[in-house]
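It should be emphasised that the depicted structure is a prediction, and the values quoted were computed from it without experimental measurement. For reference, positions follow the sequence shown, starting with 1. Note that these values count all heavy atoms, side chains included, but never hydrogens, waters or copies made by symmetry.
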Amino acid sequence: MTLTPLVYWAQRHEDIYLRVELTDAQNIDVHVHEKVLQFRARGHGAKGQNEYEFSLEFLSPVKPEVSHKSTQRQVNITVRKEQRGWWERLTAQERKPVFLAPDFDRWLDESDAEMEIREKEEKKNRLRASRHKEEGFVSLKTGFLFVYNLVQFLGFSWIFVNMTVRLFIFGQDSLYDTFHTISDVMFFCQILAAVEVLNAAFGVVRTGVIPTLIQVVGRNFILFIIFGSLEEMHNRPVVFFVFYLWSAIEIFRYPFYMLGCFNTEWKTLTWLRYTIWIPLYPLGVIAEGLFINFRHLYKQRKRRFRTKKRKAN
């Protein structure tokens, strides 16, 4: 005698949902031929652990592709209707099989199903609009970061190339007028570097605010407070070395960030970006330290000179 499991059904305009009450189902065989669905599996049903099977002739044609998913308590089957529409009943025969019952957990009337479709469409439209808005913001952010890094790259490239060419043409003499020939562009680049602190603070880029702030403020302190406040230092060779080391670092750093805006990597540039700083940063720190120490010694000498002058008077 064939054993039949309990089957619950519900529908939408495009799908038929069947829930077969069969625990720990194994050897599940589900297929559709024309518009007849046949099911066979072994599991624990109303008559205990046995083989269970059933067949259903649908009211209208369905697609042959059928999907099913087995859980510990049941087997869920989804069948696609051949044509979108609402069926007045599930089976071709008016009298429904005794093992078949409505699945009230998923049951909807036609009007409710239409409302569900409208809600899904509205949700998709909202997600699509949100995605377009996010993509627009990402595009704007990417463009802003690319332009910023490009401007900084061009600025520091001009500094590096200009200083290199002058060194080859004028030799040692070029060390003494670096501040007068390069400082304007260096001032511009370092003022613009304050944008990096704002980018980190507002989450435009994923980097720490404190390290960025220390680097930008440290350089600007040396450039504007120390270099700018002592005219005697403008002709010192140490200005050349500081400016040259700064620009040598940045002509690799900013192109690396430019490529990063488009999730692109050039391995040679990446290697230079994370390798070139190893010798250049310590040299830059040493040059900055020597400059600060020279400024301190200069002030001490100036104070001694003033003291001697007052005693002489």
Side-chain angles (χ1 to χ4, degrees), residues 136-167 174 177-231 233-234 236 238-266 269-270 272-277 280-285 287-289 291-292 295:
F137 172 74
V138 170
S139 300
L140 180 64
K141 182 179 73 172
T142 299
F144 164 74
L145 290 175
F146 180 81
V147 171
Y148 167 77
N149 289 307
L150 176 62
V151 171
Q152 289 288 62
F153 169 67
L154 294 176
F156 282 105
S157 295
W158 183 91
I159 293 172
F160 184 83
V161 172
N162 189 289
M163 294 177 68
T164 302
V165 171
R166 288 177 58 82
L167 182 63
S174 67
D177 64 348
T178 301
F179 187 86
H180 299 288
T181 58
I182 303 297
S183 60
D184 289 341
V185 180
M186 184 62 78
F187 283 152
F188 170 78
C189 291
Q190 284 306 127
I191 291 173
L192 191 61
V195 174
E196 298 180 23
V197 180
L198 298 177
N199 289 342
F202 291 103
V204 179
V205 295
R206 296 181 179 179
T207 186
V209 179
I210 300 302
T212 306
L213 181 65
I214 291 173
Q215 180 177 352
V216 173
V217 171
R219 282 193 180 182
N220 285 344
F221 176 79
I222 293 172
L223 180 62
F224 291 97
I225 304 302
I226 299 179
F227 282 10
S229 63
L230 293 177
E231 294 184 5
M233 295 299 299
H234 295 176
R236 297 292 178 177
V238 69
V239 178
F240 175 90
F241 292 111
V242 171
F243 282 11
Y244 203 73
L245 289 170
W246 284 357
S247 60
I249 292 170
E250 304 303 12
I251 61 175
F252 295 108
R253 186 165 72 99
Y254 285 112
F256 174 80
Y257 291 151
M258 288 165 59
L259 292 178
C261 291
F262 303 101
N263 296 321
T264 304
E265 182 182 8
W266 182 23
L269 182 61
T270 302
L272 289 171
R273 160 72 179 94
Y274 289 107
T275 305
I276 198 70
W277 67 271
L280 293 183
Y281 265 95
L283 290 174
V285 171
E288 294 166 7
F291 189 85
I292 294 173
R295 179 175 180 268

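Phe243 contributes atom CZ, which lies 6.0 Å from atom OG of Ser183 (distance to the nearest 0.5 angstrom). With rounding to the nearest 0.5 Å, the separation of CG in Leu154 from CD1 in Ile251 is 12.0 Å. We find the CG-CG distance between Leu198 and Leu213 to be 10.0 Å, quoted to the nearest 0.5 Å.
The pair Arg253-Glu196 meets the salt-bridge criterion, with a side-chain N (NZ, NE, NH1 or NH2) lying under 4.0 Å from an Asp/Glu carboxylate O.
Ring geometry for Tyr244 against Phe160 counts as parallel: the plane angle stays under 30°, on a 0 to 90° scale with 60° as the upper cut.
A donor-acceptor contact shorter than 3.5 Å is absent between the side chain of Glu250 and the backbone of Phe153. In this structure, the side chain of Asn162 does not engage the main chain of Trp158 through any donor-acceptor pair within 3.5 Å. With hydrogens and angles disregarded, a donor-acceptor distance shorter than 3.5 Å links the side chain of Thr178 to the backbone of Ser174.
Among all heavy-atom pairs drawn from Ile191 and Asn220, the shortest one is N-OD1, 4.5 Å.
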Start with the C-alpha distance between Ile249 and Tyr254, add both sets of side-chain angles, then the distance that settles side-chain contact (heavy atoms from CB on, under 4.5 Å), and finish with yes or no. CA-CA 9 Å; Ile249 292 170; Tyr254 285 112; over 6 Å; no

As a quick check of understanding, evaluate ring-ring contact (aromatic ring centres under 6.0 Å, His included) for Tyr257 and Tyr148, giving each step before the final call. CA-CA 10 Å; Tyr257 291 151; Tyr148 167 77; 9.1 Å; no

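Side-chain rings of Phe187 and Phe224 approach one another, their centers coming within less than 6.0 Å.
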